[in-house]
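Notes for the one structure printed next.
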Protein chains: 2
Amino acid sequence: MNEAGPAGSGRREVIVARAAELLARKGIAGTTVREIGEAVGILSGSIYHHFESKDAIVDVLMSAYLQELQAQYRAVLDEATDVSATFEGLVHASLRTIELHPHATLIYQHEAQYFRETPRYRYVRVAGERVRETWMGVLETAVADGVFRADLPTRHLYLLLRDGLWLSVRWFRPTAGYGYPQLATDCARLYHQAFASQSTLRRMLARP
Amino acid sequence: MNEAGPAGSGRREVIVARAAELLARKGIAGTTVREIGEAVGILSGSIYHHFESKDAIVDVLMSAYLQELQAQYRAVLDEATDVSATFEGLVHASLRTIELHPHATLIYQHEAQYFRETPRYRYVRVAGERVRETWMGVLETAVADGVFRADLPTRHLYLLLRDGLWLSVRWFRPTAGYGYPQLATDCARLYHQAFASQSTLRRMLARP
DNA sequence: GTCTATACATAGATAGAC
DNA sequence: GTCTATCTATGTATAGAC
């Protein structure tokens, strides 16, 4: 029983949650199943009653993360209006996902190479591709509309934003007055100005 | 003999070079001394004739990297003119260092947590502090002079730039017509516009 | 400077008692 | 569902022959 309990209460969920912290801090290769067991309060052998391997834990973690990210992006695209609003929406959606899954975000960022080289994690790479396509679609539309600059490779715009945005999980610590929504607003402002075309800049200066 | 040979020709240098590739791709914990030996063409035991441990190899690698970075930044600061030129100079210096030490850059970025938690690598953290101080000094001067925007935390400006810039090593592949110097010029333009104050933006639009 | 051989510790994973 | 016990593989590191 207890199989249909609320998310986070089952033994499996506790294991995944504790493992997430360790995996984010020490990396996948640097985290042992024994450590995960210790963090949960059971012996390493007992972990294998719930998961068939260390990578199986990572699977649960990353799948939930990538599904959440996809859902967040989908919601933004479904109620898309103009391209600037969509851009801003994606920034907010990304930071919301980071706030919900900080450990998974860090693991995803730091183990990208491992995920790429390991057949088992093909779905991670596929999800990453989809994220890239989503962003590039929005950015290319903005460039085509003359809203964003065309003097730099659009791909560079995406990659510089991506790493700046996602790696904020390494340094940002929300406080009472300044949380992830505020950070998202600030990031959207910063990158919007960074990416703005000359005509957009003129419009921004005309009515701030 | 051969101890005073040109850098890169000695056995030690070859080991460090091959190890750098592996450590960058698989992480420190994910790379074994056996693999390093294989990459060099000797058995793992022989590695210990040259280095007392795996971490000792990382030390040589990171020390050379951080010294190079410091020298590059020093050169920029020594011939500093106005704050915009210094900012641009630091961007170019950073990407020059990435070009010279791509593997060390990746290791530094991905193993930051490990370096922070391991007493042996105190010097890495100290060097990182100095880099931060260098950038923050320039950015805060620019903000004080009204050149850069003051509506976002200056620390955020630095961190978003840092991660975007340094992580370019994960995706940028130089070609004949577009190498690191070109990327540096583009990044400097992008972040300069991102960080520009309203008055700077007005000046930029007046004379492009 | 490298190899052979190996000590020793720790890793992932399994089997069966409770 | 957890523990005890353990197998097996692999890791770091060392000693001594060549």
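Keep in mind that this is a model prediction, so the values were computed, not measured. By convention in this document, chain letters (A, B, ...) are assigned in the order of the sequence lines, proteins followed by strands, and residues within each chain are numbered from 1.
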Using modelled atom types and a 3.5 Å cut-off, is there a donor and acceptor pairing between side-chain atoms of [X] and backbone atoms of [Y]?
X	Y	value
B/S63	B/V60	no
B/E111	B/I28	yes
B/T86	B/A80	no
B/K26	A/A29	no

Exercise: do B/T97 and B/S94 side chains pair donor with acceptor under 3.5 Å: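 Looking only at side-chain atoms, B/S94 and B/T97 do not form any donor-acceptor pair under 3.5 Å.
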
Listed once per pair and sorted, the side-chain hydrogen bond (donor to acceptor under 3.5 Å, both in side chains) pairs that draw on residues 134-150 of chain A, sequence neighbours left out: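 For residues 134-150 of chain A, and leaving out neighbouring residues, the side-chain hydrogen bond (donor to acceptor under 3.5 Å, both in side chains) pairs sorted by first residue read A/Y73-A/W135, A/R149-A/D151, A/R149-B/Q193.
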
Parallel, tilted or perpendicular, as decided by the 30° and 60° cut-offs, for the rings of A/H110 and B/H110: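 Answer is tilted, since the angle falls between 30° and 60°.
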
DNA chain C contacts made by residues 29-44 of chain A, counting heavy atoms under 4.0 Å: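 Residues of residues 29-44 of chain A under 4.0 Å from DNA chain C: A/T31, A/T32, A/V33, A/R34.
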
Salt-bridge contact A/E129-A/R132 (side-chain N to carboxylate O under 4.0 Å):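 The answer is yes: the pair qualifies as a salt bridge.
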
Sorted by number, the residues of residues 45-54 of chain B with heavy-atom contact under 4.0 Å to DNA chain D: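 Per residue number, the list reads B/G45, B/Y48, B/S53, B/K54.
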
Atom pair distance, as rounded to whole Å: NZ in A/K26 and C1' in C/dA11: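 Taking NZ of A/K26 and C1' of C/dA11, I get 13 Å after rounding.
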
